[in-house]
Amino acid sequence: MAEEAGRRAGGPVSADLQRAPVAARRRAHRGLETTRKEVGRMRKILVFDTTLRDGEQSPGVNLSIEEKVEIALQLERLGVDLIEAGFAASSPGDFAAVKAVAERIKDARVVSLARAVEADIDAAWEALRGAAQPCLHTFLATSPIHRQYKLRMSKEEVLARVEAMVRYAAAKFPEVEFSPEDAGRTEHDFLVEVVTVAVRAGATTINIPDTVGYLTPEEYGYLFRLLREKVPGIEKVRLSAHCHDDLGLATANTLAAIQNGADQFEGTINGIGERAGNVAIEEVALALETRKGVYQATTGLKLTEIARTSRLVSRLTGMIVPPNKAIVGANAFAHESGIHQDGVLKEASTYEIIRPETVGFASNRLVLGKHSGRHAFREHLRALGYNLEGEQLDAVFRQFKELCDRKKQVTDDDILALVEQRLAHPPEHFALEGLQLTYGSAFVPTATVRVRTADGAVREEAACGNGSVDAIYKALDRATGEAVELVDYKIASVTDGADALGEVFVRLRQGDVTVQGRGVSTDVLEASAKAYLNALNRLVARRTAPAREAAALEVTRRA
C-alpha cells in the first residue's frame with residue numbers, strides 16, 4: 001500500500017518539474033535565478049515555530065519565563081507567523097510563560113498546545129486571553145498503535161472526541177489547529193474521516209504530524225494530496241506539515257508536503273526537539289528561497305535574522321549547534337579544500353549556493369572600546385536588537401568594561417554573549433565571589449572558591465579533584481551544600497584568538513530534575529565555575545517556583 005502511494009505521489013522534485021514550463025525546468029536544474037513572472041506565482045507558506053514548546057522538550061532544556069519571552073521577541077523579529085509558546089495546562093510555569101509571551105507579541109499569532117479535553121482548552125484560553133492573535137493547537141492520537149496502547153479508545157470514540165473538542169475550542173478561539181497525532185501511521189481511510197470531522201467541527205488549520213519521523217517524502221507528500229482530494233471543505237482550511245527527524249528525513253518530508261499542497265510548516269530553530277529533533281526552520285526556508293524555480297513557494301521570514309536567532313536559541317538552551325549543521329553551523333560557509341578555495345576566490349557561486357550575508361553572518365568588527373560611554377553602549381545594543389535599561393543595562397555595561405581590559409578587540413559576538421548570559425541568569429541564590437587554583441603536573445589540582453549566598457553570607461571551601469574543573473565543582477558542592485550529578489560539560493569559543501571569550505555549558509541532575517547552566521569568561525576555568533553556579537541557581541529556582549507560580553496563577557484566575 002505504501003509503495004503504491006509512493007508511485008502515485010511521484011518523486012517530489014520530479015513531479016513539480018514535470019508541471020513546470022520547459023524553461024523553468026532548465027533554470028531550476030542549472031541553478032539560475034527565478035524570473036519575475038515566476039516570482040509572481042509564488043505561494044506564501046506560513047511558518048509555525050514550536051521552539052518554545054516542542055523544542056523545549058529536548059532533554060535537559062528548561063527555559064525560564066524571561067528566556068522564553070526573549071526568544072519569542074527574536075522570533076517575531078525573524079518574521080515567523082505563529083509562535084507556539086508552550087502547553088498552558090501542563091504546569092503553572094508553562095501557563096505563566098504562555099501568558100507572558102502572549103502579552104508581549106503583537107505581530108505573530110501566539111499558540112498554546114492543548115490535549116483534546118475541556119480543562120486543557122480552558123487553561124489555554126485563560127493564558128492567551130490577552131494575546132493580539134490567540135490560537136489553539138489541540139491534538140488527539142489516531143494511529144492503531146496509539147489507539148490501542150495509549151488511548152484505549154475505538155475509532156468511534158476518537159471521532160466523537162475530535163468533534164466535541166474541536167467544536168468546544170472553536171467557540172472560544174478565532175483560530176483552531178487540530179493535529180491527528182501519529183498521522184503518518186494512521187490508516188488512510190480513517191485519517192480522511194478524522195480530518196473531515198475536524199473541519200466540519202470548525203478547525204481552521206489541519207496539521208499532519210509525522211510524529212515519529214517514520215515516513216518517506218513520497219509517502220508524506222501523498223497524505224496531503226489525499227486529503228485535498230477526499231475531505232469535503234478542505235479548501236477552506238490551511239494544511240500544515242509537522243515533521244520529526246528520526247530518519248533524517250524531516251526537511252525532505254516538509255518540502256514534499258509543500259509541493260503537495262501544504263500551506264504551512266511547523267519546526268524549530270536549529271532543529272531542536274525530543275529524540276532526533278524537529279525539522280529545522282532555517283533549512284526549509286533557505287531551500288524554498290534558493291530553489292524558487294523548483295518549489296514555487298516562499299516564506300515571509302527576514303532571512304538576515306536567522307544567524308542571530310540560531311545563536312540566541314543555542315545559548316539559552318545550552319544546545320550547541322554542530323559545526324557541520326546546514327545553514328547555521330560554523331562550517332556551513334567554510335572551505336578547506338584547495339580546489340574549493342580557489343573556486344570561491346574566483347567566483348563565490350562555484351561552491352557557495354547561499355551567501356553568508358543572506359542569513360546574517362558577517363565578519364566581526366571592532367565596535368566599541370574601553371573609552372566608550374554608557375549611552376553609546378546602549379545605542380549599540382539597540383542596533384543589535386536589545387533594549388536594556390536600568391539594572392540590566394548597568395550590569396552588562398560593567399561586564400563590557402571588564403572585558404575591554406582583558407581583550408584586545410571586542411566584537412558584536414562578544415557583546416551578544418554578555419547580553420545573552422545576563423538574560424539566562426535565574427535569581428542568584430549563589431554568586432561567585434572568588435576562585436583560586438593550584439595546579440602542577442606533579443601535584444593534585446586544588447581549588448578554593450568563595451561563594452556569596454542570597455542572605456549575604458560568604459562561604460569559602462577548598463577541594464582536590466581529578467583535574468582543575470573537577471576540583472572547582474567539588475569545592476562548589478561543598479560551598480553550596482547541593483548534591484548533584486554532572487551529566488554533561490561542553491566548552492566553545494565565542495570568537496577567534498587566544499583571548500576569545502569562552503562559553504561553558506553544563507547539565508546537572510538532582511533527583512529527577514535536570515537543568516543546564518551557562519558561563520562566559522576569557523578564562524575557561526572561571527567560565528566553568530560560572531556555568532556550574534548558573535545551573536545550581538536554576539535548581540534552587542525550580543524547587544521554590546511551584547508555590548510561587550501556583551499563587552500567581554490563582555491571582556490571575558481570580559482577576
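All values reported here derive from a predicted model rather than from experimental measurement.
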Checking side-chain polar atoms at under 3.5 Å, does Y489 have a donor or acceptor matched by the opposite partner on S528? yes
If you count heavy atoms of other groups shown closer than 6.0 angstrom to NZ of K302, is the number above 12? no
Residue of the set E175, E266, E84 for which side chain to side chain donor-acceptor pair (under 3.5 Å) holds with H137: E84
If the threshold is 4.0 Å, N to carboxylate O, is there a salt bridge linking E402 and R398? no
Is any side-chain N of the basic residue among R53 and E56 closer than 4.0 Å to the acidic one's carboxylate O? no
Taking only Lys NZ, Arg NE, NH1 and NH2, and the carboxylate oxygens of Asp or Glu, determine whether E76 and K106 approach each other closer than 4.0 Å. no
Applying side-chain contact (heavy atoms from CB on, under 4.5 Å) to T211 and not counting sequence neighbours gives E181, D182, P209
Indicate yes or no: does K68 engage D94 in a salt bridge with an N to O separation below 4.0 Å. yes
Of R538, R315, R518, the one forming a salt bridge (charged side-chain N to carboxylate O under 4.0 Å, His left out) with E67 is R538
Tell me every residue that passes ring pair (Phe, Tyr, Trp, His ring centres under 6.0 Å) with F505, counting only those two or more places apart in sequence or in another chain. none
Determine whether the side chains of Q264 and E177 contain a donor N or O and an acceptor N or O closer than 3.5 Å. yes
For the pair Y220 and F224, name the ring-plane relationship: parallel under 30°, tilted 30 to 60°, perpendicular over 60°. perpendicular
Could you tell me which residues satisfy ring pair (Phe, Tyr, Trp, His ring centres under 6.0 Å) with Y473, sequence neighbours excluded, listed by chain and number? Y532
Does this structure show an ion pair linking E389 with R382, if we count only N-O contacts that are shorter than 4.0 Å? yes
Electrostatic pair E379:R374 at N-O distance under 4.0 angstrom: no
Can you find a pair of side-chain heavy atoms, one from D49 and one from L82, that are under 4.5 Å apart? no
